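In what follows, a single structure is set out as structure tokens and then discussed.
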Amino acid sequence: MAKQHLSFKMVTETPNLLRVWWYNLNAYQKRELSIHLGHLPSIMNLRVWPKFIEVVTRFWDDERMVFRFGDVEMTPTVEEIRDCLDNVGMCQKRKNHPDHHILLPDKPTSTELKNMLLLVNADWLDTPSIPFLKFYERWGHENYYKNFPNEFLSRSSWSQTQTLAFVVCLLGTMVFPQGEGNEIDTRVVMVTHAIFEGVGKKGQVKKYFNLAPIILADIYRSLGQCKNGFPFFQGCNILLQWWMSKHLVKTYETQKQKLAEPQKESRLDHYEFHLSNNRFKIHSTRESWAKVFYDIKEEDVQWMFQDFMSEKIAIQGAKCPFLILPGIRGVRPYNPSRVMRQFGRRQILPFKGDTSRYVFDYNGCDKIPHAKDICQEWSGRVNLTESMAENRYEAGYVDEYKKWLQNDLRGTLDPTPRTGRQIEDVQVRLQIQAYHFQQEWDRREQEFQRREQEYLRREQEFQHREYESQRALAFATQELADARSCLIRLDLNLDDQLNTLQGVSMSSKAVFAEPHVITSKFLIPEEVEKARGGAGPSAF
């Protein structure tokens with residue numbers, strides 16, 4: 001019985017409003033965007049193969065950070081990702097502002113977000129993630145400024161950040177996606193601002209960065225997460241698809257190509273043409289893709305891209321035999337010495353070191369842990385000095401490599417979906433169980449918090465009602481006291497009047513009483529008749 005294939009969700013198309021926004025950008029804004037992102041916006045036009053990503057994820061070794069197809073190891077590299085994005089504008093920017101530093105995407109505060117977006121009033125930024133629609137409503141069209149004029153410093157500042165806001169949304173929904181709801185992690189705003197403006201205090205030389213290490217870190221993280229049961233691929237599955245399919249397109253004519261003469265059609269913006277030109281077959285089922293990956297042999301792999309341009313290749317850190325990649329949601333180790341053939345070099349015995357310390361997610365930490373170590377390893381990194389092999393596209397490996405690989409993998413369960421075999425990876429099963437347990441724990445904790453909030457709300461309502469009752473009682477008590485005081489004054493007044501009448505003669509009192517006697521003469525009999533049920537008064 002074949003092992004069940006993975007199934008998870010991922011980015012499969014460009015959000016409609018993001019595409020509308022792209023069309024609304026003018027030529028100047030698109031040129032500015034191109035300088036900072038290169039060919040990256042091309043991913044909006046690429047077809048996505050979800051089953052391809054689901055199947056290849058099964059072949060990921062989350063301990064060594066490589067894909068393994070039998071004894072063939074491959075992994076996306078910083079230089080491959082960076083090269084696929086490069087265009088003339090980005091290369092010129094790198095020439096003027098070298099981007100050899102590593103960016104630490106710390107979570108910005110709401111005040112820092114306002115400064116980055118040149119806003120003066122924006123309560124919608126006070127959340128860990130921001131809906132894409134919040135950005136589109138404000139920057140998606142040149143007429144939208146008038147809907148929120150009080151949030152911006154000026155019309156000029158709104159125009160100044162419109163391109164930056166678009167890039168935030170492109171990266172947040174398609175390169176570093178949070179999930180299906182198009183929520184954007186606030187770290188993406190920080191990363192985008194650093195790409196556009198650099199990082200540095202006033203009066204200091206600013207540092208500039210490229211996106212490749214961050215993109216790679218999130219791809220590594222997502223491969224491990226989804227292999228262990230996570231329901232959404234939170235990395236750029238489109239770039240992963242581009243990278244893997246390019247290594248599967250064996251172009252024999254590259255034997256004659258010179259490194260200084262790259263093939264334009266194999267770059268990201270000509271990806272679809274590259275596949276069509278080389279008759280790459282796109283399968284429709286997971287089983288068909290699984291067979292492709294299961295049958296991979298060394299001679300089937302396009303080891304080095306024919307448009308590979310990087311001259312300086314980071315191979316290890318200053319002290320560690322590997323490098324460390326900080327991403328949007330976590331940190332992962334990076335050991336390019338395991339895939340030397342992807343750089344056109346002969347595969348040597350890879351460097352080994354304990355990478356477990358640098359496999360973690362941020363889990364609510366605003367600042368990236370081990371930031372000092374990460375920066376030191378990158379600032380003192382060692383570049384590859386070995387010259388390129390004569391046959392750069394099939395550089396081969398040293399004699400001891402296969403034996404070393406066999407020893408390195410000893411005790412490792414085969415993670416690939418072999419037909420006719422049932423392989424249980426106990427570690428993965430336990431990780432999946434732990435993941436679902438954590439999900440249930442989070443659900444119950446959220447339910448407890450919801451009930452606690454409901455209890456607090458009801459308690460507040462009770463206290464409010466009790467306060468209102470006490471207030472009404474106090475008001476009624478005061479009214480009764482005022483009425484009692486008024487009656488006492490009236491009683492005293494009547495007593496004064498009675499005392500005054502006591503000094504008046506009887507004849508004078510009769511004069512005062514005469515009208516009342518006449519009135520009573522007619523009223524009293526009438527009331528008596530009514531009491532008896534008579535028809536009317538009788539004469540005296």
Side-chain angles (χ1 to χ4, degrees), residues 3 56-80 216-217 219-228 240 243-244 247 293-304 313-325 331-360 377 381-386 389 394-418 421 423-431:
K3 191 166 184 176
V56 78
T57 300
R58 178 69 69 184
F59 294 81
W60 178 250
D61 185 337
D62 199 35
E63 179 182 349
R64 298 167 180 82
M65 300 295 161
V66 294
F67 288 103
R68 184 175 301 107
F69 310 101
D71 59 356
V72 175
E73 286 192 346
M74 303 163 59
T75 196
T77 66
V78 170
E79 289 75 19
E80 289 172 328
L216 203 56
I219 289 177
Y220 281 9
R221 174 185 176 275
S222 297
L223 285 165
Q225 294 272 17
C226 289
K227 183 179 179 180
N228 294 332
L240 176 62
W243 173 85
M244 179 56 75
H247 278 293
F293 293 121
Y294 174 67
D295 292 341
I296 288 179
K297 302 294 186 295
E298 289 184 355
E299 57 270 19
D300 301 326
V301 177
Q302 177 72 28
W303 283 106
M304 180 181 172
I313 302 168
I315 196 68
Q316 67 180 79
K319 297 180 180 179
C320 297
F322 54 86
L323 289 157
I324 309 161
L325 302 175
V331 167
R332 293 298 183 270
Y334 169 60
N335 189 358
S337 69
R338 296 189 77 105
V339 292
M340 297 286 285
R341 284 177 284 185
Q342 292 176 217
F343 307 126
R345 273 74 170 178
R346 187 171 59 162
Q347 180 61 58
I348 59 173
L349 300 184
F351 309 139
K352 290 198 67 174
D354 183 12
T355 61
S356 59
R357 182 186 180 190
Y358 301 107
V359 180
F360 59 85
E377 292 300 316
R381 65 188 178 278
V382 178
N383 290 327
L384 189 61
T385 57
E386 181 183 351
E394 293 182 2
Y397 48 84
V398 297
D399 296 337
E400 301 87 357
Y401 171 68
K402 289 295 183 180
K403 184 177 181 180
W404 177 93
L405 183 61
Q406 184 179 4
N407 293 333
D408 184 60
L409 299 179
R410 186 169 295 163
T412 301
L413 292 173
D414 189 350
T416 59
R418 306 279 182 170
R421 295 174 58 189
I423 302 173
E424 182 181 21
D425 190 331
V426 177
Q427 182 180 3
V428 170
R429 177 169 57 80
L430 292 176
Q431 288 175 337

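None of these values were measured; they are calculated from a predicted model. When reading the values below, keep in mind they use all heavy atoms of this one structure, side chains included, and skip hydrogens, waters and symmetry mates.
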Any side-chain heavy atom of [X] sitting closer than 4.5 Å to one from [Y]?
X    : Y    : value
N335 : V66  : no
K352 : W404 : yes
I348 : E386 : yes
T77  : Y334 : yes
W60  : M65  : yes
V301 : V72  : yes

Using a 6.0 Å cut-off, check whether atom OH of Y397 has over 12 heavy atoms from anything other than its own residue.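 Counting neighbours around OH of Y397, 12 or fewer heavy atoms of other residues, nucleotides or ligands fall under 6.0 Å, so no.
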Answer yes or no: are there more than 12 heavy-atom neighbours, outside Q406 itself, under 6.0 Å from its atom CD? no
Q342/H247 under side-chain contact (heavy atoms from CB on, under 4.5 Å): CA gap, chis, key distance, verdict: CA-CA 9 Å; Q342 292 176 217; H247 278 293; 3.9 Å; yes
Show every salt bridge (charged side-chain N to carboxylate O under 4.0 Å, His left out) that has at least one partner inside residues 332-351, sequence neighbours left out. E73-R338, E298-R341, R332-D361, R338-D408
Once ring-ring contact (aromatic ring centres under 6.0 Å, His included) is applied, do any residues pair with F351, and if so which ones, sequence neighbours excluded? none
Verify, without hydrogens or angle tests, whether E377 (side chain) and I324 (backbone) share a donor-acceptor contact under 3.5 angstrom.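 Checking the backbone N and O of I324 against the side chain of E377, no donor-acceptor pair under 3.5 Å is found.
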Checking the side chain of Q347 only, and the main-chain atoms of S337 only, is there a donor and an acceptor separated by less than 3.5 Å? yes
Could you tell me the separation between the [atom1] atom of [X] and the [atom2] atom of [Y], rounded to the nearest 0.5 Å?
X    : Y    : atom1 : atom2 : answer
T57  : L240 : OG1   : CG    : 6.5 Å
N407 : E400 : CG    : CD    : 12.0 Å
L325 : R221 : CG    : CZ    : 14.0 Å
T355 : L323 : OG1   : CG    : 12.5 Å
E80  : W243 : CD    : CH2   : 6.5 Å
M340 : L349 : CE    : CG    : 11.0 Å

What do you reckon, are the aromatic ring centroids of F69 and F293 less than 6.0 Å apart?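 Distance test on ring centres: under 6.0 Å, yes.
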So, applying salt bridge (charged side-chain N to carboxylate O under 4.0 Å, His left out) with D71, which one of K402, K403, K297 is it?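 Going through K402, K403, K297 one by one, the salt bridge (charged side-chain N to carboxylate O under 4.0 Å, His left out) with D71 is satisfied by K402 alone.
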Nearest non-hydrogen partners of A314 and P336, listed with the distance: O-CG, 3.4 Å
Kindly give the heavy-atom pair with the smallest separation between D354 and F322, and that separation in Å. O-CZ, 3.5 Å
For Y220 and T75, test the side chains for any donor-to-acceptor distance below 3.5 angstrom and give the result as yes or no. yes
